[in-house]
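Have a look at this one.
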Amino acid sequence: MLATGNLLKGLNDHQKTAVSLGWGPSLIVAGAGSGKTTVLTRRVAYLMTELHQSPDSILAVTFTNKAAEEMKHRLQKLVGGHARHILIGTFHSFCARALREEIENYKSPEGYTWKHNFVIYDETDKQSVVKNVVNRLNLDEKVFSPREMCHRISSLKNDGYMPARYANEARNYKETRVAEIFSAYQSDLAKNNALDFDDLILTLVELLRQNLAVRRRFRERFQHVLVDEFQDTNQSQYELIRLIVEASDEEKQANPASIWHERSLLVVGDVDQSIYSWRKADFRIILGFQSDFKESKIVKLEDNYRSTSTILEVANSIIQNNTERIEKVLRSSRGAGTKVKCFEAQDEIDEAYFVQEELKRLSARGRQLSNCVILYRTNAQSRAMEEVLVRSHQPYTVVGGTRFYERQEIKDVLGYLKLIFNGADGQAFMRVINTPRRGLGKTTLERLVSFAFDRDLTLLDAAKEIGAKQGVSEKSQKALRDFANMVKRRQAESAQTPISEILSGILKETGYLDKLKEDAAQGLDELASGRIENVMELHNVAKEFESMSDKPDLEAFLTRIALVSDIDQAKMDEDCVKLMTIHSAKGLEFPVVFILGLEEGLFPHMRSLDSPNAMEEERRLMYVAVTRAADLLYLTYARKRAAFGWATGFSNFTIPSRFLKEISPQHMTGFYPSPETPSNDQKEDYDPWDESTWAQKKKQPSPTPSAQRPADYARSSKPQVKPRAFRQQTPPQQTSSRIEPKPKEESIPFEKLSVGDKVQHVKFGIGEVTQIIGDKDKELYNVDFKTEGKRLMDPRFAKLVKLT
DNA sequence: AATGCGGTACTTTTT
DNA sequence: GTACCGCATT
């Protein structure tokens, strides 16, 4: 273990103060890159070594699994094996863990109870339950779409509402129905012995509220609570923290003076990095912290050790455009470094080729590719990038995205495990009862469901008891009974069988693997061989879990899988470039950062365009993205983007993101849109291949690109004017295309519109212009159509007729 | 009961 | 444009 000297070594005065705080509540306002994680980890070590607190009295909560891993890792280095006893995790994993032990002490106001072997329902499970409920209540799925209902229920829960409470507050027809759906949904979850993500937090909150004994136990155990990314806390999470940390009334009366004796709360956050308001995170919580905890101390960390001053100034110039923020200075401790490189691509493939070429160059210059990250706003954007990386044999890791555990075959196999773990899980039952086929059809299953519902049985028990009386054929009865018996048998032996063995047992006995092999052999399903690999991979994951975990049972395994989306951490360390959304990158740092898709409607996202608050959140997201970079920052956008045109027939031409225009030109190099000059003028002399043209307006002949874009890659069948794209093999001859006249369609004059104008569209009918995006000749109109909702229209292509 | 076709809805962001 | 869902067909 380290001595104090070492714990405070290399820290600045503010950081030292933060690490060596005494008892009581404290708030650390930590700007991006200010050494927040260092402070947090050293603080934990300080608590142990200097303040002599036991490691298991410490609870550290982070927002993402990655942040938790990082913290564990660093603490391991600081305090060695003792780190194992410190509870570090996300809110959700902490709550899941706690509920495994305590949930049987809980009874909801509605009278629902859960058992310790509850399962955690994901988005799909949730929606399917909601859908069932909506149908059962004879409500129209169109009016009460499962998607929207899930969202509403989630919002309510994050605000701390349970069905009974909401029922009292529902005012109009719709709210009343939502309350009914909410209530039935919650009842179904209880019947299935299942909780959703939001319940994990809320149930523990309610439990701590209603059960003083349990609350006392928690308070005695967790004397030191640390919360990272506090600006992203929502009401129910904050409530949870308060319940653990604040004295109960009885304690206040008993000994008011010693409430904070050998007890501490440390919250760390940065309002400028609040990017989860859609999950009901509320940065006003961090702003109100000092008034909620009157005795709290505050430490500000304003020295940035991560980024070059250029990158910092870029970040600052962007975030300055937000009105809802507290002025804060971030002092740079590094030199100016390199200017930010900006690139205009023809389309998303071109954009990807540019990135790939830069990676190659950086790698040739000795940059570790593991030090590079490619960030984007939406997961869908990874696809183009991946295609190009695969083609150039460039190893990469996608973090998050289409998750391994969401694949059909994985969900199937996990369905068996879940059913074995929790026989009440109706979702799991329905998923696996006929996979692989057992000759059971829709009618049989419908009868089974209603039989189970009437007799208040689990589907599994109903499968054993259902008979001819319910109109089920002899053959179906046998299939159901056999299935139920198999599950029961495996349940009985599950406690003393390793997960990997249960898994291979299922794969064999059910014939699931044989079915896949058969499909693969017959070539019926070209995905089948991949599926086999995935199933095998899951087996490996189970094996690994058995050797790593100190409690390798089904419970721990399934909990982990429900809460940790990344398949393994190991891939993070390999020397390959990483791809992730900006949200996932939060809290991480990389020497080299690429930010893709800086286009209006993509980033900032379309759905933020008509709300100032949402727009400010997008800007904070951009701020987070930029401040991930330590040395080099690349910003790219594409002139057109295929993914943009899915919903409509209109053109995919894009407008550069407003965030690019918020950056002072002096910090940028390459081609970028500037607020002053119309963007078209800048293009002609730009050659992305020549480094010297990173500076604007400098004419150079272009060398042959090394990126060999495969000939078969041509994607657009539409013969557009082909401007010299990054990925093209074509050397200088075609250079001129950049300055060729614009495509004809672009020059068709169109009628200028303003906000409030009524317009007519061939396909969508009458609508009203609610917003104008962009300027000069590059305008987009956000049009609200009565029937179709809001759409982003490009007047150059969409035929909009102004109505008077 | 299983398959295949056609229609619809879909893309924020994560635990 | 595609992926999924529901329906109708065999």
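Here is how names work: the chains are called A, B, and so on, in the same order as the sequence lines, proteins then strands, and each is numbered from 1. In this text the structure is predicted, and so the values were computed from the model without any measurement.
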Query - Residues A:Glu351, A:Arg641: salt bridge by 4.0 Å N-O rule - result: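 Yes, this pair counts.
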Requested in this report: Have a look at A:Phe91 and say if it touches a base, only the backbone sugar-phosphate, or nothing, with a 4.0 Å heavy-atom cut-off.
Outcome: nothing
**Report entry** B:dT11 versus C:dG6 - spacing of their P atoms, nearest Å
**Finding:**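 Pairwise P distance, B:dT11 against C:dG6, rounds to 16 Å.
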Query raised in the report: Under 4.0 Å between a side-chain N or O of A:Arg620 and OP1 or OP2 of B:dT13?
Result: no
**Report entry** Rounded distance in Å - CD (A:Glu141) to C1' (B:dA9)
**Finding:**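 Value for this atom pair: 13 Å.
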Requested in this report: Answer yes or no: does a side-chain N or O of A:Ser93 lie under 4.0 Å from OP1 or OP2 of B:dT15?
Outcome: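 So the side-chain polar atoms of A:Ser93 never come under 4.0 Å of the phosphate oxygens OP1 or OP2 of B:dT15.
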Requested in this report: Determine the contact category for A:Asn434: base if any of its heavy atoms lies under 4.0 Å from a base atom, sugar-phosphate if only primed atoms, P, OP1 or OP2 are that close, otherwise nothing.
Outcome: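 Sugar-phosphate, backbone atoms only, no base.
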**Report entry** B:dT14 OP1/OP2 closer than 4.0 Å to side-chain N/O of A:Ser584
**Finding:**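 So the side-chain polar atoms of A:Ser584 do come within 4.0 Å of the phosphate oxygens OP1 or OP2 of B:dT14, strictly under.
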Query raised in the report: Is any side-chain nitrogen or oxygen of A:Thr581 closer than 4.0 Å to OP1 or OP2 of B:dT14?
Result: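 Checking A:Thr581 against B:dT14: at least one side-chain N or O falls below 4.0 Å of OP1 or OP2.
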Report task. Assert yes or no for the condition that the ring centre distance of A:Phe222 to A:Phe94 is strictly below 6.0 Å. Result -> yes
Query raised in the report: What do you reckon, are the aromatic ring centroids of A:Phe421 and A:Phe118 less than 6.0 Å apart?
Result: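 Centroid separation for A:Phe421 and A:Phe118: 6.0 Å or greater.
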**Report entry** Aromatic ring of A:Trp278 stacked on base six-ring of B:dT13, 5.5 Å, 30°
**Finding:**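 According to the criterion (under 5.5 Å, under 30°), yes, A:Trp278 stacks.
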Query raised in the report: Would you say B:dT11 has OP1 or OP2 under 4.0 Å from some side-chain N or O of A:Asn379?
Result: no
**Report entry** Of A:His583 and A:Thr443, the one whose closest DNA chain B nucleotide lies more 5'
**Finding:**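 Taking each residue's closest nucleotide, the earlier one in sequence belongs to A:Thr443.
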Query - Row check, A:Tyr276 ring normal vs A:Arg279 NZ/CZ: under 6.0 Å, within 45° - result: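 Positive - A:Arg279 is close enough to the ring of A:Tyr276 and near enough to its axis.
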Report summary line: Assign each of A:Ser145 and A:Gly441 the nucleotide of DNA chain B bearing its closest heavy atom; nearer the 5' end lies the nucleotide of A:Gly441
Report task. Report yes if a side-chain nitrogen or oxygen of A:Arg437 is closer than 4.0 Å to either non-bridging phosphate oxygen (OP1 or OP2) of B:dT3; otherwise report no. Result -> yes
